[in-house]
Amino acid sequence: FRLGSLKLQKVLNPAEVVKELIGYCLDCLGRLQSKTEHLQKENERLFSCWSDAEKRLEKCVEAKEELEADLYNRFILVLNEKKAKIRNLQKLLNEAKESAAAAKYTRDSIATTQMATEEENEYDGSTDEESENLTRPSLPPVPERRDSLLGSPDVIDTAPRRKQRQRTAKPDSTGSKMS
């Protein structure tokens with residue numbers, strides 16, 4: 001490998017050449033020293049900026065932690081209020097369910113007494129069904145209808161049964177009237 005080569009020549013005035021070489025080296029050294037000083041100043045400036053940024057970051061972290069603690073405290077208060085509100089609403093709901101159950105119980109008892117009195121009235125009344133039973137085989141029982149669309153068993157509607165009895169009883173009764 002050849003790293004480089006020099007070709008030396010004979011100089012008439014070697015002191016001047018050495019003087020020029022020393023001047024060139026001193027100039028290079030001066031430029032390098034000024035560059036080093038500039039870089040040191042830049043380094044100090046950057047270090048001070050970094051320390052300022054670090055101090056601001058620490059302040060931001062402290063402010064963030066304080067804000068989080070404040071928000072957590074507020075959240076806990078709001079959460080406790082919501083829990084209390086939910087408990088109150090559940091209590092009201094349970095009370096409403098209990099009162100609805102009590103009202104349903106009283107309605108059921110009233111409906112059963114009314115049905116019992118209606119059945120007694122029906123037994124005391126006309127005997128069209130008895131004459132139907134003699135002439136026709138018994139019809140299948142009609143399923144009970146509920147008063148509500150939701151299928152609430154509060155009140156049983158007996159009107160459809162009466163209508164059906166009236167519809168089936170009309171041909172027999174008209175025939176008997178004609179005769």
Side-chain angles (χ1 to χ4, degrees), residues 1-116 140-161 163-164:
F1 290 98
R2 189 179 220 182
L3 296 176
S5 67
L6 288 174
K7 194 172 191 184
L8 296 176
Q9 295 176 355
K10 208 180 210 186
V11 179
L12 297 175
N13 202 356
E16 248 184 71
V17 172
V18 171
K19 184 180 173 186
E20 286 180 19
L21 282 175
I22 291 176
Y24 176 77
C25 288
L26 287 175
D27 288 341
C28 285
L29 182 65
R31 278 187 274 134
L32 289 175
Q33 280 180 346
S34 67
K35 190 174 183 180
T36 304
E37 286 176 8
H38 176 70
L39 290 175
Q40 283 177 345
K41 287 179 183 177
E42 185 69 21
N43 192 14
E44 288 174 5
R45 187 185 65 79
L46 290 174
F47 183 75
S48 67
C49 286
W50 175 75
S51 63
D52 289 342
E54 188 178 30
K55 288 175 185 175
R56 280 187 272 147
L57 180 64
E58 287 175 6
K59 288 180 183 178
C60 288
V61 167
E62 289 174 4
K64 177 190 159 275
E65 289 173 353
E66 290 175 6
L67 181 64
E68 281 181 352
D70 184 45
L71 288 175
Y72 282 133
N73 289 335
R74 288 182 186 180
F75 175 73
I76 288 171
L77 291 174
V78 170
L79 182 65
N80 289 336
E81 288 176 9
K82 293 295 181 182
K83 285 181 179 179
K85 194 173 192 179
I86 289 171
R87 276 189 233 112
N88 287 337
L89 289 174
Q90 286 177 341
K91 182 180 173 184
L92 289 173
L93 179 65
N94 289 338
E95 290 174 0
K97 283 182 181 178
E98 289 173 2
S99 64
K104 181 179 177 183
Y105 176 74
T106 56
R107 279 187 284 167
D108 285 346
S109 63
I110 291 171
T112 52
T113 48
Q114 286 178 352
M115 286 178 56
V142 178
E144 295 181 348
R145 287 194 174 185
R146 305 288 181 204
D147 187 37
S148 171
L149 293 175
L150 300 174
S152 169
D154 291 346
V155 179
I156 298 171
D157 188 12
T158 56
R161 277 196 238 147
K163 287 181 184 174
Q164 185 179 9

Just verifying a value: how many Å separate [X] [atom1] and [Y] [atom2], rounded to the nearest 0.5 Å?
X	Y	atom1	atom2	answer
L39	L32	CG	CG	10.5 Å
H38	K41	NE2	NZ	9.0 Å
N73	L77	CG	CG	7.0 Å
D70	F75	CG	CZ	14.0 Å
N80	K85	CG	NZ	14.5 Å
Y72	L79	OH	CG	13.0 Å

Checking R45 now: which residues fulfil salt bridge (Lys or Arg N to Asp or Glu O under 4.0 Å) with it, not counting sequence neighbours? E42
Taking only residues at least two apart or on different chains, which pairs with a member in residues 26-36 satisfy side-chain hydrogen bond (donor to acceptor under 3.5 Å, both in side chains)? none
Heavy-atom count check: over 12 atoms from other residues, nucleotides or ligands less than 6.0 Å from E16 CD?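 Incorrect, the count does not exceed 12.
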State, yes or no, whether a side-chain contact exists between L67 and L71 at a heavy-atom distance under 4.5 Å.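 Contact flag for L67/L71 side chains = yes.
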Salt bridge (charged side-chain N to carboxylate O under 4.0 Å, His left out) partners of residues 46-65, not counting sequence neighbours, each pair once: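 Output for this query lists K64-E68.
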